[in-house]
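Every value quoted in this text rests on a predicted model; they were computed, and no experiment measured them. Values below: every heavy atom of this structure, side chains too, minus hydrogens, waters and symmetry copies. Naming convention: chains lettered A, B, ... in sequence-line order (proteins, then strands); numbering from 1 in each chain.
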Number of protein chains: 2
Amino acid sequence: MSHQQFSSSLLENAVNEFAKLPGIGRKTALRLVLHLLKQPESVTESFSNSILQLRKEIVYCKVCHNISDTEICRICANPSRDKMTVCVVENIKDVMSIENTQQFRGLYHVLGGIISPMDGIGPKHLEIESLVTRAQNDGVKEVILALSTTMEGDTTSFYIFRKLDPLNIRITTIARGVAIGDELEYADEVTLGRSILNRVEFSNSFK
Amino acid sequence: MSHQQFSSSLLENAVNEFAKLPGIGRKTALRLVLHLLKQPESVTESFSNSILQLRKEIVYCKVCHNISDTEICRICANPSRDKMTVCVVENIKDVMSIENTQQFRGLYHVLGGIISPMDGIGPKHLEIESLVTRAQNDGVKEVILALSTTMEGDTTSFYIFRKLDPLNIRITTIARGVAIGDELEYADEVTLGRSILNRVEFSNSFK
């Protein structure tokens, strides 16, 4: 498709722009653009306005650094959420994933990444200082570390743990174990080992 | 993902808009939107401008009804193309496919669809009258029918054939046969039969 002959440079531009998006090849880009061309003009207008407006007006919550329409995000501003429990995550996608479980009623703290010396990302590039300040001043009782169990995730968790440890607050991490629906036979040894060490009372397991 | 909790309605709008595109689910939509958010604002601007401009400024060539930036498209306006040969196709994607082969130096005629009574599309909805007028007045010597070999495609080809037949111009259709690289064993009988009937001189076959 690299030699694609376009009879219209307007079409070519639009296809090129779509093809810049991750995971969208030139064939898909063409299909999407031709789809928009078939719809009424208002469809294209509301499509482009929504992303332009998002890009121009979006802000990050001053408290948790989650994506937000306002200075303080919906979650932090919600009076019914438990302000004493803060869940630390890497990015806003993780906030959404946890919110979707509907199992967490506390607040979040979005680091904006994880410590990764290979990518030149150190603690200074992340919202770690603001987490410590928050933990010191906002009456936080528990910080839940919900980072990936990769080398970088573990490093970040440990770095945060050492920063928060002197503050006399509870520091927890999410449970690791065999996923629900998975067969033991196919679970890796480390996960299975961890799930045995961190076993829970059977009577609590189906709550 | 239907219960996805968004902390931002701007984000939610943008994801909804992306998810309206064909083949883009809500997870992909979210990934694309977050990608745009990570890029400089100019990326989002040039992206939305390109599609807005396309939708507002695009025209259809007065001669061949192909998509175009100008009244007469690049192909029709190209003096080095053979104006005596017109290839009839269903839509602009077919024009691109044929242009990509770099084997055709004539002009096109885009019908804008094919006859499909089931979808309520009759000859009147397509650019068939304008094709006949073109064939009568523009010194056309040959019309190549390059429609799909479906029931609807064949119906349309035959309808056009009957309209053009009295005009004393050559009417051809693209060759059907076993695709290059395909094994005979897996070719369907109709295609294989057609490829035997329409066999060509071996000395011509690798030109």
Exercise. Between B/L34 and A/N91, is any pair of side-chain heavy atoms under 4.5 Å apart?
Worked result: no

For this session: Indicate yes or no: at least one non-hydrogen side-chain atom of B/K56 is less than 4.5 angstrom from one of A/E45.
Result: yes

For this session: Output the residues of residues 113-120 of chain A for which the shortest heavy-atom distance to chain B is under 4.5 Å, in residue-number order; output 'none' if no such residue exists.
Result: none

Exercise. Does A/M96 reach the side chain of B/L11, with side-chain heavy atoms less than 4.5 Å apart?
Worked result: yes

Exercise. Among A/C73, A/G23, A/C61, A/P22, which residue forms the greatest number of heavy-atom pairs with chain B at distances under 4.5 Å?
Worked result: A/P22

For this session: Compare every heavy atom of B/K20 with every heavy atom of A/H35, then report the nearest pair and how far apart it is.
Result: NE2-O, 4.2 Å

For this session: Check whether any side-chain heavy atom of B/L54 sits under 4.5 Å from a side-chain heavy atom of A/L37, and report yes or no.
Result: yes

Exercise. Can you pull out the residues in residues 62-70 of chain A with any heavy atom less than 4.5 Å from chain B?
Worked result: A/N66, A/I67, A/S68, A/D69

Exercise. If every non-hydrogen atom of B/R74 is compared with every non-hydrogen atom of A/S8, which pair is closest and at what distance?
Worked result: NH2-C, 3.9 Å

Seminar exercise, completed: Of all heavy-atom pairs linking B/S50 and A/A14, the shortest is OG-CA, 3.7 Å

Exercise. Are there more than 12 heavy atoms of other residues, nucleotides or ligands under 6.0 Å from atom CD of A/Q39?
Worked result: yes

For this session: Check the surroundings of atom NZ in B/K163: do more than 12 heavy atoms from other residues, nucleotides or ligands lie under 6.0 Å from it?
Result: no

Exercise. How far does CD1 of A/I24 sit from CD1 of B/I24, to the nearest 0.5 angstrom?
Worked result: 4.0 Å

Exercise. Is the number of heavy atoms from other residues, nucleotides or ligands within 6.0 Å of CZ (A/R105) greater than 12?
Worked result: yes

Exercise. Does CZ in B/R170 sit with more than 12 non-hydrogen atoms of other residues, nucleotides or ligands closer than 6.0 Å?
Worked result: no

Exercise. Among B/L36, B/V15, B/I75, B/T28, which has the most heavy-atom pairs under 4.5 Å with chain A?
Worked result: B/L36

Exercise. Stepwise, does the side-chain contact (heavy atoms from CB on, under 4.5 Å) test hold for B/E17 with A/I51?
Worked result: CA-CA 8 Å; B/E17 288 291 337; A/I51 54 175; 5.9 Å; no

Exercise. Could you state the interatomic distance from OG (A/S48) to CD (B/Q53), rounded to the nearest 0.5 Å?
Worked result: 11.5 Å

Seminar exercise, completed: In terms of heavy-atom contacts, A/K93 and B/R31 come closest through NZ-CG, 4.0 Å

For this session: Could you tell me whether the side chain of A/R55 and the main chain of B/V43 form a donor-acceptor pair under 3.5 Å?
Result: no

For this session: Look up atom CG in A/L32 and atom CG in B/L21, then write down how far apart they are to the nearest 0.5 Å.
Result: 5.5 Å

Problem set entry | More than 12 heavy atoms of other groups within 6.0 Å of A/E71 CD | no

Seminar exercise, completed: Highest number of heavy-atom pairs under 4.5 Å with chain A among B/L52, B/N16, B/V59 belongs to B/L52

